[in-house]
S.K.: 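What follows is a structure written as C-alpha cells; I'll ask about it next.
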Protein chains: 2
Amino acid sequence: MPRWKPDAKQRLVVAALSLFAEQGYDDTTVTQIAERAELTRSTFFRHFADKREILTAGQATLSRLLAEGIDAAPADATPLTAVAAGLERASGEMTAFNRELSPLLHAAIEANEELQRRNALKSMGMAAAMVDALKKRGVAESTAQVAAGLGVLAFGIGYARWADPSRDEDPGELADLTRAAFDELRAAAADLR
Amino acid sequence: MPRWKPDAKQRLVVAALSLFAEQGYDDTTVTQIAERAELTRSTFFRHFADKREILTAGQATLSRLLAEGIDAAPADATPLTAVAAGLERASGEMTAFNRELSPLLHAAIEANEELQRRNALKSMGMAAAMVDALKKRGVAESTAQVAAGLGVLAFGIGYARWADPSRDEDPGELADLTRAAFDELRAAAADLR
C-alpha cells in the first residue's frame, strides 16, 4: 500500500518499472506504459522525451545533486568532507516516493540484463560527477577517485538500508543512513593495510 | 600494424569490435562478423556461443583471475595484499593481443551506449568477484568493498597506461603498471581526511 499519493509523472514511472520487470525493457512501449498508468501518450510525452528518460532522468538528477553538494562545501573542506556534503545534498532530495519505488526498481533490475547494465552505468556516472567536482576544487586525481568511490559505496549502502522492504520500523532519514555508511567505509579505508 | 599474429578467435574478436564501432552492437550480426574475419559462421560458433559472448568471455575470465589471485594469497595476507595478488594474477594473463585490442575496444565503447553499459557492468563484476573472494578470507564487508574498489580503479588506470596508443616507448609490464597505480591509490586512501 503506497504511502505516497502519486501524481501523473510518478504513475508513469511506477507503470514503466512494473512493465520492465514483467516483460523486459526492450519489449515495453510508451503506449503500454501510458495505458498501465491510465494516462494518454501525450501525457507521457509531457513528462518524458522517451522510454529511456524514465531511467536516466533520476540518474542525471542524482549526479547533479552530488556535484552541487561538493561545489557548495567550504573551500577548506577536505575531500572526504566535500563528498559527505555531496551525499547530504543528494540524500536530502530523495522523497518517500523514491523509497517506495525502490523494491519495484530492484525487481525490474533483477529481471533484466539491460537494466543491470544501465544501473552499473549509473554508479559510474555518480562516481564521475563526484571526481569532476573534486578535481574542480584542486583535489588530485587519485584522491578524487578514492573519495568518490567511497561516496558511491556509501550512497548505495545507505539507500539499501533505507529502502529495505523487510524493515518494519521507520528506518529514519536517508541522510543519516548514508552518513553512517560513509563513516563505516572511512573507518575501513583508514584501517586498510 | 599489429604486433601479434592473430588466430581465428582473435580475428573474430577484432572483426566484431570493428563492426560494433562502425555500426553499433545491436545492428551487427554473427554473419557479418564471420565475413569480416574471412571465416565461416561455423568457425564463429566453435569459439563463441553468440555475439554477446565476444564481450562477456573476457570479462568472466578477468573476474575469475582476480578471485583466484586473492584465494591463493597467503592466509596472513592483509586485504590490500590479497587484492594486490589478485591484480598480479590477472595482469600476468593479459597478452600483447589484449594490448593491441584496447584502442579498438575503446573506440567501440565510445561509439555505443550499449557497450558503455556493458563496460560499466564489467567493472561492477570485477569488484563483486574481489569482494566475494575477500569475504571468503574473513574480511569484513566494508573493508572488502573498499579494498576491491581500489583494486578495480588500479586495474583500470594500469591498463589505460599500458594500452595508451599515444605512447611510443614500451610501457613495460602491465603487472608493474597496475602495481604502481595500486600503490598510488593506497597512498591516496591513507591520506584521506
Side-chain angles (χ1 to χ4, degrees), chain A residues 25-26 52 55-56 59 76-84 109 112-128 131 134 139-158 160 180-193, chain B residues 25-26 52 55-56 59 76-84 109 112-128 131 134 139-158 160 180-193:
Chain A
Y25 174 80
D26 286 334
R52 196 172 138 270
L55 297 163
T56 56
Q59 299 173 9
D76 62 351
T78 65
L80 285 183
T81 306
V83 169
I109 290 172
N112 264 272
E113 271 198 35
E114 170 65 18
L115 295 194
Q116 285 163 27
R117 294 192 289 270
R118 287 178 181 271
N119 195 51
L121 196 63
K122 172 183 163 185
S123 297
M124 306 262 293
M126 288 169 62
V131 167
L134 288 167
V139 176
E141 174 93 33
S142 296
T143 310
Q145 289 189 325
V146 176
L150 293 180
V152 172
L153 284 173
F155 193 80
I157 295 168
F182 193 54
D183 288 344
E184 283 167 37
L185 292 168
R186 285 168 85 148
D191 269 355
L192 273 182
R193 277 162 299 124
Chain B
Y25 174 80
D26 286 334
R52 196 172 139 270
L55 297 163
T56 56
Q59 301 173 9
D76 63 351
T78 65
L80 285 183
T81 305
V83 169
I109 290 172
N112 264 270
E113 271 197 35
E114 170 65 18
L115 294 193
Q116 286 163 27
R117 295 192 288 271
R118 287 179 181 270
N119 195 50
L121 196 63
K122 172 183 163 185
S123 296
M124 307 261 294
M126 287 168 62
V131 166
L134 288 166
V139 176
E141 174 92 34
S142 296
T143 310
Q145 288 189 325
V146 176
L150 293 180
V152 172
L153 284 173
F155 193 80
I157 295 168
F182 193 54
D183 288 344
E184 285 167 37
L185 292 168
R186 286 168 83 146
D191 269 355
L192 273 182
R193 277 163 301 125

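Chain identifiers are assigned alphabetically (A, B, ...) following the order of the sequence lines, protein sequences preceding nucleic acid strands; residue numbering begins at 1 within each chain.
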S.K.: Top residue by heavy-atom pair count (under 4.5 Å) with chain B, among A:Ala190, A:Ala127, A:Ser123, A:Ala188?
M.R.: A:Ala188
S.K.: With side chain to side chain donor-acceptor pair (under 3.5 Å) as the rule and sequence neighbours excluded, what pairs involving residues 142-156 of chain A come up?
M.R.: A:Glu141-A:Gln145
S.K.: Does A:Thr81 have any side-chain hydrogen bond (donor to acceptor under 3.5 Å, both in side chains) partners at least two apart in sequence or in another chain, and if so, which?
M.R.: A:Thr78
S.K.: Under 4.5 Å from any heavy atom of chain B, what part of A:Leu150 do you find: side chain, backbone, both or neither?
M.R.: side chain
S.K.: For A:Leu121, which residues count as a side chain to side chain contact (heavy atoms under 4.5 Å, CB included) partner, sequence neighbours excluded?
M.R.: B:Gln116, B:Arg117, B:Ala120
S.K.: Does A:Arg118 pair with B:Glu114 as a salt bridge, N-O distance under 4.0 Å?
M.R.: no
S.K.: Does any backbone or side-chain atom of B:Leu153 lie under 4.5 Å from a heavy atom of chain A? Answer side chain, backbone, both or neither.
M.R.: side chain
S.K.: Which of residues 180-187 of chain B have a heavy atom under 4.5 Å from any heavy atom of chain A?
M.R.: B:Glu184, B:Leu185, B:Arg186
S.K.: Could you tell me which portion of B:Ala189 (side chain, backbone, both or neither) has an atom closer than 4.5 angstrom to a non-hydrogen atom of chain A?
M.R.: both
